[in-house]
Structure formats: C-alpha cells, structure tokens
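Numbers here are sequence positions counted from 1. The figures here come from the full heavy-atom set of this structure, side chains too, leaving out hydrogens, waters and symmetry mates.
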Amino acid sequence: MTDVLLIWPPHVPSYFNAGHHSPLYMVAGYLRRQPATGRVDTCEAGTLSMNWKGVGDLLHQGRYDVIAVMNDFDAVDGLERFIEYARELSPDSRLITFGRLSSLNHGFFRQFDLDAVVQSGDYECGVAEYVNALSRSGPPHIPPAGLPGVAVRQGEGWLEPVGHGGRLDPEQWVLPDIDEIPYQDYDRFYARDEHKFCGIPFRRELVVPAARGCPVGCDFCEVPEIFGLRERRLPVDAVIGYIRDSYDRHPFEYVAFYAPTFTLDRRWVRELCERFIEGPVSPRWKCATTIHHLGEELVALMGRAGCVRISVGLETLEADGQGGLPRSKRTEERKFCALAEWCDAAGIELNAFIIVGLPGTSAEGTARTIELARSVGARVRPTMYTPFHQMTADMTAQQVARFNRQLISGEAAGNATADGSAPRPEADARYAFLFGREDRLTSVHERIPQRTAR
C-alpha cells in the first residue's frame with residue numbers, strides 16, 4: 001500500500017479563493033478510493049498558519065511513499081525550499097506536482113528535483129496514475145513507464161506522457177471532506193474585504209465544486225486549457241446532498257458554487273433554485289458566471305432561491321478592448337446597467353470582475369469602466385491582465401510568479417519601468433486600481449444569518 005501526502009507548500013498568498021484550494025481535497029478523496037493507496041493525508045501550509053518547523057515535523061514523522069505537491073502561481077515561491085526539506089527529511093519519498101501552473105507551463109517544473117509532473121487532464125487522474133504505477137513497478141528505484149498526462153523523470157531525462165491525461169465524469173468526483181479543511185484560516189483571509197478576495201467577510205463559506213470546463217474560451221482564462229471546452233456538471237441531487245450533509249456537520253453560513261460559468265446550463269440552475277425554494281435545504285449562496293448567460297427572469301429566480309452575490313466578467317467597457325474578447329463577453333453599457341437593476345430588485349449583490357491592462361484598453365478607460373460599475377451599485381474586483389500564453393519553460397520562479405494576476409507580466413513587464421527604478425505613469429496608474437485605497441466595502445454579509453458567534 002502506498003502512503004501519500006498532498007500538500008500546498010508554505011508561501012504568502014497574493015490572492016485567496018477557497019475554491020482554488022478544493023482540488024487538494026478532491027484528489028485526496030479520489031486517492032482514498034484507489035486499491036493501491038494506504039494512508040492519505042492533506043496539509044495546507046499556504047494559509048499562513050504553518051511554519052517550516054511544522055512542515056519538517058510532518059515530513060520526518062510521516063515518511064510518505066509519495067508526496068504530491070499542489071502548485072499555483074503563488075506556490076512557486078516556496079517550492080524549491082519545500083523540495084529541499086522533503087529530500088532531506090523524507091529521502092525515500094517520490095515527489096510529484098499537480099495544479100494550475102503545471103497544466104499551463106509544465107516544462108517549467110523540470111528544473112526542480114521532482115520525480116513526476118502532472119501536465120494534462122484532471123488532477124485526480126494524473127496523481128492516481130502515478131501512485132498506481134508505483135505500486136506495480138517493483139523496487140523503489142524503478143520509475144514507472146510513460147503515463148497518460150504525466151511526465152516522469154528517468155535518470156537525467158524525462159519520460160514524456162503517453163497521451164492526454166484522463167477526465168472524470170462528475171459522478172466520479174469525490175467532493176472535499178470538510179473535516180480536514182482549515183476553515184478558520186479561510187475566515188481570516190475573507191475578513192478584510194478591502195483585499196477583494198472572493199469570499200464574504202464574517203460568514204463561514206462552504207465551497208461546492210459544481211462544474212469543470214467552459215466553452216466561452218477567454219484567452220486570459222486557464223479553465224478551457226486545463227479542463228476542456230465541454231462543461232461537466234454535478235447532478236443537482238449530488239449538490240443538494242453534499243450541502244445537506246455539510247450543514248449538518250459544520251456551522252456553514254453560505255455556499256460558494258465553484259464553477260467557471262455557473263448559469264451555462266440554465267435548466268440545471270432552475271432545477272437547483274426550485275429545490276432550494278422548496279427546502280428543506282435552503283442556503284444563502286453565491287456564484288460566478290457571464291452577463292451573456294443571465295436574464296431578468298433567471299436572476300429573479302436566483303434571488304428567491306437565496307442567491308446573495310453574482311460575480312460576472314465585465315472585463316472592460318472600452319470598445320477597443322472588447323475586440324479581443326469572445327463575442328459573448330462583449331458587453332454594452334446598457335446591458336450591464338440592466339443586469340444591475342435585475343440584481344438590485346432580486347436583493348443580489350453584483351460583483352464585477354474588471355481586467356486592468358487588457359490589450360486595447362487604457363488607464364482612463366479602465367477608470368470609466370470602474371466608475372460606471374460602481375455608479376449602478378456593483379462591487380468591483382480588478383485584476384491585472386495576465387498573458388498566460390507568454391510563459392515559457394525556461395523562466396525563473398520569480399518570472400513565473402509575476403503571472404499572478406496582480407503584477408504586470410509577460411512582455412509588458414519589461415516596459416513597466418522607465419529607468420529600472422521608478423514606475424512609468426501607465427504602470428503606476430494600473431497598479432493604483434489594484435493596490436490603491438478601497439473605501440467601498442461589501443455589506444452583503446448582513447443578508448446572511450449567522451449560525452455561530454465568531
């Protein structure tokens with residue numbers, strides 16, 4: 001039997017979304033169902049609640065056969081140090097990495113002392129392929145053969161994946177075990193709304209990973225490349241059951257649906273809303289979707305069913321900036337204003353994602369977009385345009401870490417300063433949107449009843 005540790009290495013997060021962390025627990029749950037797997041532990045060391053001594057204790061005492069390291073644009077900061085600790089304190093462990101970054105720039109990870117890299121497919125499939133292959137490969141020094149979606153180190157080189165990684169049907173997903181998630185740490189991140197993290201302050205969030213994949217095809221989004229253009233969605237019964245069980249076991253106060261385009265399947269959304277209205281499972285909840293996939297009747301139904309926040313990708317209202325967006329994402333001002341009216345009537349907070357530095361836009365145009373959104377009562381969450389396609393395998397960790405949707409990255413980063421020290425006016429104007437003072441804080445938590453005092 002193979003003992004496995006799944007870990008998010010220590011780092012200081014630049015942004016926090018609990019939904020981005022849910023794969024750690026879904027992979028763990030999936031591995032626990034594999035016949036070759038023994039003990040499976042998880043550790044989130046990236047929530048500012050764990051130190052390197054604690055990581056060392058875990059590695060030295062655990063002596064895991066496989067350590068699966070979750071990666072992201074933030075976690076590269078501590079990756080090299082974590083690998084050094086793992087090699088020193090648990091020398092017989094095999095190290096594999098999986099996550100958003102290795103799915104977009106897998107070659108980058110070949111510079112590190114890793115044994116395998118999940119390059120494509122669902123994360124569960126890649127990690128399980130490697131763990132199962134190790135159980136069949138004999139002595140520890142014998143690497144597994146080529147695997148679907150997984151590159152495996154062999155001596156000084158690498159065995160390339162044998163085809164694309166697998167993708168699971170929703171019925172095969174194992175939803176996170178709420179007993180092992182550090183919700184108290186998540187609460188601390190969300191308490192400061194001026195940081196514009198995705199959660200709602202002062203209320204406990206249950207993340208429900210409801211769908212994977214998206215056909216919209218925005219080139220600044222990693223979802224289609226990682227999870228495909230075809231959406232896969234959990235059955236409504238499975239969603240209701242998970243919420244009921246979780247609320248019975250823990251004092252959650254609202255649900256965050258983790259889905260790229262929540263209202264893509266309107267029939268599914270209507271069924272879910274009707275079930276919430278009927279009860280007995282009737283949580284407050286939030287979701288993210290596109291303006292194109294909403295309508296007045298649907299928004300009204302969502303409000304009656306307990307929805308308190310809808311996040312949409314407004315991106316920009318500048319005509320020159322919209323030219324590079326998918327047709328369904330090109331939003332007219334009147335359409336956004338109409339959506340704001342629907343949300344206000346339904347008692348729903350409208351949250352507008354806006355991209356700073358999107359090609360074809362200007363700082364002045366971004367300011368106008370933000371002001372328009374705020375004038376109709378929307379909460380605004382700006383992020384920096386991030387050209388993922390400009391990442392290369394030979395980048396340093398510092399260069400890759402800039403692709404975190406906060407710093408100017410890619411080719412534009414080289415022009416961000418005029419003389420190597422002082423920011424250019426355009427760069428400084430862009431950063432003001434992300435890092436300037438924020439005095440418009442959400443009050444949506446007032447619409448969510450508390451279940452416990454904190």
Side-chain angles (χ1 to χ4, degrees), residues 4 6 20 22-24 26-31 33-34 36-37 66 68-73 75 94-112 114-137 143-154 157-174 209-234 258-261 264 326 387-395 400 403:
V4 183
L6 293 111
H20 293 345
S22 61
L24 188 78
M26 296 183 77
V27 173
Y30 187 78
L31 288 178
R33 295 186 177 182
Q34 303 301 305
T37 306
V66 174
V69 185
M70 190 165 177
N71 62 68
D72 211 317
F73 302 100
R94 296 292 188 93
L95 271 60
I96 180 173
T97 190
F98 69 97
R100 293 201 298 171
L101 185 53
S102 64
S103 296
L104 295 176
N105 188 5
H106 49 79
F108 164 76
F109 289 91
R110 298 190 180 188
Q111 65 185 281
F112 298 101
L114 294 164
D115 297 299
V117 177
V118 178
Q119 298 188 179
S120 64
D122 286 350
Y123 308 142
E124 298 100 323
C125 296
V127 177
E129 286 281 1
Y130 185 69
V131 170
N132 292 335
L134 282 177
S135 71
R136 300 189 302 264
S137 64
L147 302 172
V150 182
V152 179
R153 183 182 293 278
Q154 187 177 52
W158 289 83
L159 287 173
E160 298 297 334
V162 180
H164 196 278
R167 289 194 172 128
L168 301 175
D169 293 329
E171 291 77 9
Q172 297 173 289
W173 300 349
V174 182
R212 297 180 186 179
C214 180
V216 176
C218 302
D219 65 4
F220 49 79
C221 177
E222 73 280 4
V223 169
E225 185 171 346
I226 298 175
F227 298 111
L229 291 170
R230 181 180 68 83
E231 190 197 62
R232 294 166 285 159
R233 187 174 289 246
L234 277 178
Y258 191 58
T261 310
L264 184 69
F388 291 129
H389 61 279
Q390 292 181 10
M391 289 191 297
T392 60
D394 60 354
M395 283 181 165
V400 167
F403 286 77

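- Looking at Asn71, its side chain does come within 3.5 Å of a backbone N or O of Ser102 through a donor-acceptor pair.
- Considering NE2 of His164 and SG of Cys125, their distance stands at 10.5 Å, rounded to 0.5 Å.
- Checked against ring-ring contact (aromatic ring centres under 6.0 Å, His included), His20 has the following partners two or more places apart in sequence or in another chain: Tyr258.
- Minimum interatomic distance between Pro209 and Leu234 (heavy atoms only, all atoms of both residues): O-CD1, 3.3 Å.
- For Arg233, the salt bridge (charged side-chain N to carboxylate O under 4.0 Å, His left out) partners at least two apart in sequence or on another chain are Glu231.
- Heavy atoms only, all atoms of each residue included: Arg232 and Leu168 are closest at NH1-O, 2.9 Å.
- Atom CZ of Phe73 sits about 4.5 Å away from atom CE of Met391, to the nearest 0.5 Å.
- The distance from the CZ atom of Arg33 to the CD atom of Glu124 is 11.0 Å, given to the nearest 0.5 Å.
- In terms of heavy atoms, Ser103 sits closest to Gly99 at OG-O, 3.0 Å.
- Atom-to-atom distance recorded for Asn105:CG and Gln119:CD is 10.0 Å, nearest 0.5 angstrom.
- Listed by chain and residue number, nothing satisfies the side-chain hydrogen bond (donor to acceptor under 3.5 Å, both in side chains) test with Asp169 (two or more places apart in sequence, or in another chain).
- To the nearest 0.5 angstrom, Ile96 atom CD1 is 10.0 Å from Glu129 atom CD.
- Within the structure, salt bridge (Lys or Arg N to Asp or Glu O under 4.0 Å) contacts touching residues 158-168 (residues at least two apart or in different chains) are Arg110-Glu160.
- In terms of heavy-atom proximity, Gly213 sits nearest to Pro260 at O-CG, 3.7 Å.
- A distance of 9.0 Å separates OH of Tyr30 from CG of Asp122, quoted to the nearest 0.5 Å.
- Using a distance-only test at 3.5 Å, with no hydrogens or angles considered, a donor-acceptor pair links the side chain of Arg153 to the main chain of Leu114.
- By the ring-ring contact (aromatic ring centres under 6.0 Å, His included) test, Tyr123 pairs with Phe98, Phe227, sequence neighbours left out.
- Under a 3.5 Å cut-off, the side chain of Thr97 and the backbone N or O of Val117 do not form any donor-acceptor pair.
- Looking at every heavy atom in both residues, Val127 comes nearest to Ala68 through CG1-CB, 4.2 Å.
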Please report the C-alpha distance between Glu225 and Phe388 in whole Å, then the side-chain angles of each, then the deciding distance to 0.1 Å, and finally whether the side chain to side chain contact (heavy atoms under 4.5 Å, CB included) criterion is met.
CA-CA 11 Å; Glu225 185 171 346; Phe388 291 129; over 6 Å; no
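- In terms of heavy-atom proximity, Ser120 sits nearest to Gly165 at OG-N, 2.9 Å.
- Panel note: side chain Thr261, backbone Cys214; no donor-acceptor pair is recorded below 3.5 Å.
- For the pair Gln111 (side chain) and Phe108 (backbone), a donor-acceptor distance under 3.5 Å is present.
- The closest donor-acceptor contact from the side chain of Asp115 to the backbone of Leu95 lies under 3.5 Å.
- Listed by chain and residue number, nothing satisfies the ring-ring contact (aromatic ring centres under 6.0 Å, His included) test with Phe220 (two or more places apart in sequence, or in another chain).
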